[in-house]
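None of the values given here were measured: they were computed from a predicted structure.
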Amino acid sequence: MKRSVRPVAFATAVLVAVLSYPDARMRAAGSRTSASRAARLDVTLRAVLDDQAPPPQRVIIRVRSGSRPALRDSLTSHGDQILGEHESIDALTAVVHGEDLAALADNDAVLSVSSDAIVRPHGLLGGVLGVVGGPVGGVVHVLGQVVGLVLLDNGADTSGPVVAPVVLRQTLGVDNSNLAGRGVGVAIIDSGLEMSAEFQYRLTRFYDFTNGRAVVASPSDEYGHGTHVAGTIGASGSSTYAYRGLAPKVTFVVLKVLDKTGAGYTSDVIRAIDFAVANRSNLGIDIINLSLGHPILEPAATDPLVQAVERASKAGVIVVAAAGNYGKNPTTGQVGYAGITSPGNAPSAITAGSVKIQNTVTRGDDRIADYSSSGPSWYDAFVKPDIVSPGHNIVAVAAKNGYLYQTYPQLKADDPNYMILSGTSMATAVTTGSVALLLEANRSANNYPYHPSLTPNAVKAILQYTAVGIHDDAGIEYDPLRKGAGSLNAKGAIDLGRAIDTSRPTGSWWLTTSPYHWTTIGGETLTWNQAIVWGSAIVWGSTIGTHETSWGTAIVWGSTNTWSSAIVWGSNIVWTNPQSWANAIVWGSDTIGQSNGTAIVWGSTNGMTAQSAAWKNLSGQTTAGSTRGQ
């Protein structure tokens, strides 16, 4: 995110040439090998080590417990600019001399040094993914018509039918439900919210983080992405009832981290997540929606944004994150693997990919959008996304004063109070709205708050277990690296959630009834996949019927666990040498994620080479006033 068009004003002292760190407590105990040094830096900062005259770097520095005061003093005395502190991860955000990264990486007190990367939304017309050349088709004015082809610089397009909100609810099986997300609170960490009757009396708090701290402010959304996300989740439909969101009774806490250009800093997102966790009880926050991200620059274990998500999950807050819009090679048009963005690679997050539902209720013509990022995640080879949800040409509330609405009039819906956006951002919002309905259903059946609410892991398991199949034009089911556990089945998840008694002890059967393992939508009977993608294994069968320790908050999703029915995908990850593949997407691969009958084969690249750098179209992108890109 960017510090609200916050210029990175480097102090004159930042021009000091040599980092001395005189404090003995902060000195390296001995020299380190270059490999060891590199391990403490993310991929962007490693490249800076080779620059002859590297510019100042905005970084997040994690240190060993008790070392933060000494690091702060050393940085300050050296003339570096301290921008903030993150007590939850023992870290500092600072602007440091580029030539001093090696000294930081050699410091025994330092655990990792990460770029304070620029974060952008994952809506296709948002942030870095602007329109190239404008529309070449018709202009949309009426729901049900087709959006004109809008070419984007990642090769994706937004052509296809506009999804009427009523069709969205029907294809999820929730149109006739009396559920509305009552008693559920959602924290939207995004570009803000333009206040209207759609959200009247349901905005609990609005905080602006774009100046490096939490500031109570009047609701605003100069960009327009956050308002669309909020509307998808829970607009009331006050203007036109047919346009209401999935959970029109949820309450919102809006944490603004993106500026008027749709950009912000990772450190601001971390602050917002930590704020939501710290205030989850008094602000009533159950879910965090993260329809944003940045390229994966390091393993999940050292990625500060991922770790913020993991802390939130352990605290009992459900985090829904976007998979990213990097599923298609802009040069060849081939669909590729390994385009997941951070924090979509967080193990415990519910990571959503995007589905085109063609404005029909039935599921047979649903397809995964070509731009929707596929797994595995870089460095860790996590199976992502976790699920795929409707996210293409979604109609929701417009921020009429925002950049998107003002710049792209072709995106206005029939009612000009609403607009149309596509991307995994929208799929994330659809997933969040569905989770709100699931929580309400489970709590209503469980005498909440006297019985506990569903944990993040349990919610993720329910969504995956009840997901249904989705296939390509040839009728072939998408592989798990494209679809995760399958296509979102909100009605099925609600039915299963109602049957779970959260008060049952661990290890016992916690289903009060045995729900049917299918859902009827649009006259079609859809069988649940009944599978849970657990890290590098697919767990089949009735596991969800038992209150497993895995569904608690103490377990990181995908960590070592014993499953009697697990199919392990193997110890080899997609690339035989992760370091050699760490900056490229595997485009057009037919050798990744293939079944040999009993397992999914990983690591068989058959001599393929990467055809395109994963993030080359992001290089040089900056926030307003910044002196460098991510």
For a 4.5 angstrom cut-off between non-hydrogen side-chain atoms, does Ile462 reach Val459? no
Is Lys249 reaching over with its side chain to a backbone N or O of Gly183, donor-acceptor style, under 3.5 angstrom? no
4.5 Å side-chain heavy-atom contact, Ser434 and Val174: no
Are any of the side-chain heavy atoms of Leu463 and Thr431 separated by less than 4.5 Å? yes
Any chance the side chains of Ser425 and His225 put a donor and an acceptor closer than 3.5 Å? yes
Result of checking Asp303, Val269, Val119, Thr266 against Ser342 for side chain to side chain contact (heavy atoms under 4.5 Å, CB included): Asp303
On the 0 to 90° scale, with breaks at 30° and 60°, tag the His122-Tyr326 ring pair as parallel, tilted or perpendicular. perpendicular
Looking at every non-hydrogen atom in both residues, tell me the closest pair between Ser115 and Ile60 and how far apart they are. O-CD1, 4.5 Å
Using modelled atom types and a 3.5 Å cut-off, is there a donor and acceptor pairing between side-chain atoms of His228 and backbone atoms of Met426? no
How many angstroms lie between CG in Asn457 and CH2 in Trp551, if you round to the nearest 0.5 Å? 7.5 Å
Exam field: side chain Asn345 to backbone Phe382, donor-acceptor pair closer than 3.5 Å: no
Hey, what do you get for CD1 (Ile189) to CZ (Phe209), rounding to the nearest 0.5 Å? 7.5 Å
Exercise: identify the closest heavy-atom pair between Ala499 and Pro515: CB-CD, 4.3 Å
Side chains of Thr519 and Lys491: any donor to acceptor distance under 3.5 Å? no
Can you tell me how far CZ of Arg68 sits from CG of Leu75, rounded to the nearest 0.5 angstrom? 12.5 Å
State, without any angle test, whether Ser267 and Asp116 hold a side-chain donor-acceptor pair at a distance under 3.5 Å. yes
How close do Thr502 and Pro452 get, heavy atom to heavy atom, and via which atoms? OG1-O, 2.5 Å
For Pro456 and Ser313, the nearest pair of non-hydrogen atoms, with its separation, is CG-O, 3.6 Å
Answer yes if the side chains of Ser112 and Glu298 hold a donor-acceptor pair under 3.5 Å, and no otherwise. no
Intermediate values then yes/no, side-chain contact (heavy atoms from CB on, under 4.5 Å), Asp380 and Ile296: CA-CA 10 Å; Asp380 305 291; Ile296 294 174; 5.9 Å; no
Regarding Arg58 and Thr93, do their side chains bring together a donor and an acceptor under 3.5 Å, going by distance alone? no
Could you check whether any side-chain heavy atom of His86 comes within less than 4.5 Å of a side-chain heavy atom of Pro304, counting everything from C-beta outward? no
Step by step, would you call Leu104 with Gln57 a side-chain contact (heavy atoms from CB on, under 4.5 Å)? CA-CA 12 Å; Leu104 277 171; Gln57 300 294 313; over 6 Å; no
Can you confirm whether Ile273 sits close enough to Leu290 that some side-chain heavy atom of one is under 4.5 Å from a side-chain heavy atom of the other? yes
Arg271/Asp268 under salt bridge (Lys or Arg N to Asp or Glu O under 4.0 Å): CA gap, chis, key distance, verdict: CA-CA 5 Å; Arg271 288 188 186 93; Asp268 288 340; 2.8 Å; yes
Which atom names give the shortest non-hydrogen contact between Ser65 and Asp90, and what distance separates them? CA-OD2, 3.4 Å
Check the pair Leu481, Val383 against side-chain contact (heavy atoms from CB on, under 4.5 Å), reporting the backbone distance first and the verdict last. CA-CA 6 Å; Leu481 295 175; Val383 181; 4.1 Å; yes
Is it the case that the side chain of Ser191 and the backbone of Gly226 share a donor-acceptor pair, with hydrogens and angles ignored and the cut-off at 3.5 Å? yes
Donor-acceptor contact below 3.5 Å, side chain Arg311 vs main chain Gln307: yes
What's the separation between atom CG in Asp221 and atom CG in Asp190, rounded to the nearest 0.5 Å? 7.5 Å
Can you check whether Gly185's main-chain N or O pairs, donor with acceptor, with Asp286's side chain at less than 3.5 Å? yes
If you define the side chain from C-beta out and look only at heavy atoms, does anything of Asn279 sit under 4.5 Å from Tyr207? no
Could you tell me the separation between the CG atom of Asp501 and the CH2 atom of Trp509, rounded to the nearest 0.5 Å? 13.5 Å
Would a distance-only check, ignoring hydrogens and angles, find a side-chain to backbone donor-acceptor pair under 3.5 Å from Thr424 to Gly324? yes
Can a donor-acceptor pair be found between the side chains of Ser114 and Asp42 at a distance below 3.5 Å? no
Heavy-atom pair with the smallest gap, counting every atom of Val277 and Ala315: CG1-CB, 3.7 Å
Verify, without hydrogens or angle tests, whether Ser374 (side chain) and Tyr337 (backbone) share a donor-acceptor contact under 3.5 angstrom. no
Given Val539 and Glu548, is the side-chain contact (heavy atoms from CB on, under 4.5 Å) satisfied, shown in steps? CA-CA 13 Å; Val539 184; Glu548 300 276 356; over 6 Å; no
Quick check: are there more than 12 heavy atoms from other residues, nucleotides or ligands sitting under 6.0 Å from CZ of Arg205? no
I'd like to know if the side chain of Arg72 and the backbone of Leu92 have a donor-acceptor N/O pair within less than 3.5 Å. no
Check: Thr210/Asp208 side-chain N/O donor and acceptor closer than 3.5 Å: yes
Is there a side-chain contact between His294 and Ile118, using heavy atoms and a 4.5 Å cut-off? no
So, taking the atom named OG in Ser373 and the one named CZ in Arg482, what distance separates them when rounded to the nearest 0.5 Å? 10.0 Å
Treating Trp378 as the side-chain partner and Ala338 as the backbone partner, does any N or O pair qualify as donor plus acceptor under 3.5 Å? yes
Val250 versus Ile287: any side-chain heavy-atom pair under 4.5 Å? no
